[in-house]
Amino acid sequence: MSPEVNPFESLQEQIDDASDYLEYSTDVLERLKHPERVLETNLSVEMDDGSVEVFRAYRSQFNGDRGPYKGGIRYHPQVTRDEVKALSGWMVYKCAAVNIPYGGGKGGIEIDPRQYSASEIERITRSFAKELRQIIGEDRDIPAPDVNTGQREMNWIKDTYETLENTTEPGVITGKAPESGGSAGRVEATGRSVMLTAREAFDYLGKDIEDATVAVQGYGNAGSVAAKLIEDLGANIVAVSDSSGAVYNPDGLGARDAKAFKSETGSLAGYEGATEELTNEELLTMDVDLLVPAALENAIDGDLARDVQADIVVEAANGPLTPNADDVFTERDVAVFPDILANAGGVTVSYFEWVQNRQRFYWSEERVNDELETIITNAFDDLVETYEETGAPNFRTAMYVVAIQRVVAAAEEGGIWP
Ligand code: NAD
């Protein structure tokens, strides 16, 4: 990890890189590099022992030109205002990259959730929902899960919002449990788009994904589902990791068994399907065909990128490469398929959930997966077309070119409010 790299500056650099292939004025571009507004609040919450603790929380609404703000809520000790701003910006360009009608937002609470009981997390979440109530809504801003949040937290936010607003509005939040209006296929959606991107990438580059060797950093929702579905394509998942370290087996770890072990024991350490335990750095620099970073941002910096031996990187995490790492990979001809495409499955199925909530008509998992496949493969085609047409130096820049054009076109249609 390179915590010294500010993810908000990384986002701005990515927009600058794409601007070389676009003919927009500096003023137009400047607007694309800053959030429209950021809510910063302090949540005072009663703990189980009767004491009161204060938690800093944020919600950034980056750009709403293409539709309501959309993006997850993260619970993590390293949440900062700039991190939330960056993540909200990436959501804008992600939604535009896959062409779904949303702007971008993101929220977070600076907290290590493992230190708190379920009832404390519930009170913290409901307190945040009370603050968010003024700015969210199914036509305004629609939160979703992110790191360390899931269906449970989304259900609490929905319930708090609906109770205070005296309404039923399931589309105010996505990533809910099916019983609360969640969509079939949502839990696996991010991993599924990572798999679809990897499949299309191998095909485009003329490589065979069957028997390809794969390393996955981060074995949570995004990483473990991606590993399982990539394994189903015939690839060999040889190394996976979590915050406790990495496990390795040259003959394949068994993605499902590794996940079951982690769910049972809380970590991958001691997984019996592994022949060796490695450090996270060893995993990232292994000689594999495909590397999937699926933990947090800044996992690979410029120095580490020089040692990475994978030929293809598909980003499941948001912002896992620093801009320096990107430069090194471009120079070394490592094909990097960007987060704003590869992990867009989560927000895409969130979009399907929202559509279903508004219509009060629910789809089968098969339909969800089919519609998701169409959206991701269309976006992949848009990406390679722009990559070839513009001569952009890498796939990330080409994807930003596609996305920025869509955001600017929507803003121009709307005109300027005096
Ligand atoms: P998660 O909390 O389920 O999993 C995160 C995993 O990363 C855990 O296994 C954790 O142990 C591991 N990890 C943390 N630090 C690590 C380190 N230094 N080295 C190795 N592993 C480490 O979170 P998630 O939902 O899977 O999200 C992971 C990434 O994917 C984040 O960047 C998130 O923003 C992005 N993402 C997730 C979704 C989604 O729908 N879940 C959608 C889009 C993007």
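Being a predicted model, the structure only gives us computed values, none of them experimental. In listed order, ligands and their atoms are each counted from 1.
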Query raised in the report: Would one find an N or O of Asn343, backbone or side chain, under 3.5 Å from an N or O of ligand 1?
Result: no

Report summary line: At under 4.0 Å between heavy atoms, what of Glu297 touches ligand 1? The answer is neither

Query raised in the report: Which bit of Gln78 is near ligand 1, meaning a heavy atom under 4.0 Å away: side chain, backbone, both or neither?
Result: neither

Query raised in the report: Do Arg66 and Asn99 have a side chain donor and acceptor closer than 3.5 Å?
Result: yes

**Report entry** Residues Thr213 and Asn236: side-chain donor-acceptor under 3.5 angstrom
**Finding:** no

Query - Ion pair Asp146/Lys106, N-O distance below 4.0 Å - result: yes

**Report entry** Heavy-atom check, side chain of Ile312 versus side chain of Phe202, under 4.5 Å
**Finding:** yes

Query raised in the report: Can Arg74 be said to touch ligand 1, with heavy atoms closer than 4.0 Å?
Result: yes

**Report entry** Worked verdict on Arg367 versus Asp370 for salt bridge (Lys or Arg N to Asp or Glu O under 4.0 Å)
**Finding:** CA-CA 5 Å; Arg367 175 166 178 198; Asp370 284 351; over 6 Å; no

Query raised in the report: Counting from 1, what ligand 1 atoms have a heavy atom of Ser241 closer than 4.0 Å?
Result: 20 (C)

Report task. Quick one: sort the Phe8 and Phe62 rings into parallel, tilted or perpendicular, breaks at 30° and 60°. Result -> perpendicular

Query raised in the report: Is any N or O atom of Leu296, backbone or side chain, closer than 3.5 Å to an N or O atom of ligand 1?
Result: no

**Report entry** Donor + acceptor pair across side chains of Asp48, Ser117 (<3.5 Å)
**Finding:** yes

Query raised in the report: Below 3.5 angstrom, do we get any N/O pair linking Ala222 and ligand 1?
Result: yes

Report summary line: Taking only non-hydrogen atoms of Lys262 and a 4.0 Å limit, the atoms of ligand 1 in range are 9 (O)

Report task. Would you check whether Asn280 has a nitrogen or oxygen atom less than 3.5 angstrom from a nitrogen or oxygen atom of ligand 1? Result -> yes

**Report entry** Electrostatic pair Arg126-Asp159, nearest N-O below 4.0 angstrom
**Finding:** yes

Query - Location of contacts on Pro145 toward ligand 1, heavy atoms closer than 4.0 Å - result: neither

Requested in this report: Number the atoms of ligand 1 from 1 as they appear, then name those within less than 4.0 Å of a heavy atom of Gln217, with their elements.
Outcome: 19 (N), 20 (C)

**Report entry** Pair Asp112-Gln115, side-chain donor/acceptor within less than 3.5 Å
**Finding:** yes

**Report entry** Thr190 N/O under 3.5 Å from ligand 1 N/O
**Finding:** yes

Query raised in the report: Taking only heavy atoms of Ala294, which atoms of ligand 1 are found under 4.0 Å from at least one of them?
Result: 28 (C), 29 (C)

**Report entry** Ring center gap for Tyr102 and Tyr69 short of 6.0 angstrom
**Finding:** no

Query raised in the report: Do Ser19 and Asp16 have side-chain N/O donor and acceptor atoms under 3.5 Å apart?
Result: no

Query raised in the report: Which is closest to atom 12 (C) of ligand 1 in terms of heavy atoms, Ala317, Gly218, Ser244, Ala316?
Result: Gly218

Query - Minimum non-hydrogen distance to atom 34 (O) of ligand 1, winning option of Thr348, Val347, Val225, Asn318 - result: Asn318

Query raised in the report: Numbering the atoms of ligand 1 from 1, which are under 4.0 Å from a heavy atom of Ala295?
Result: 7 (O), 13 (N), 16 (C), 21 (N), 22 (C), 28 (C), 29 (C), 31 (C), 32 (O)

Report summary line: If we number the atoms of ligand 1 from 1 as shown, the ones under 4.0 Å from a heavy atom of Tyr219 are 6 (C), 9 (O)

Report summary line: Near Asp146 (heavy-atom distance under 4.0 Å), the atoms of ligand 1 are 33 (C), 34 (O)

**Report entry** Heavy-atom nearest option to atom 15 (N) of ligand 1, drawn from Pro293, Gly245, Ser243
**Finding:** Ser243

Query - Check ion pair Lys259-Glu264 (N to O, under 4.0 angstrom) - result: no

Requested in this report: Within a distance under 4.0 Å of any heavy atom of Asn148, pick out the atoms of ligand 1 and give their elements.
Outcome: 2 (O)

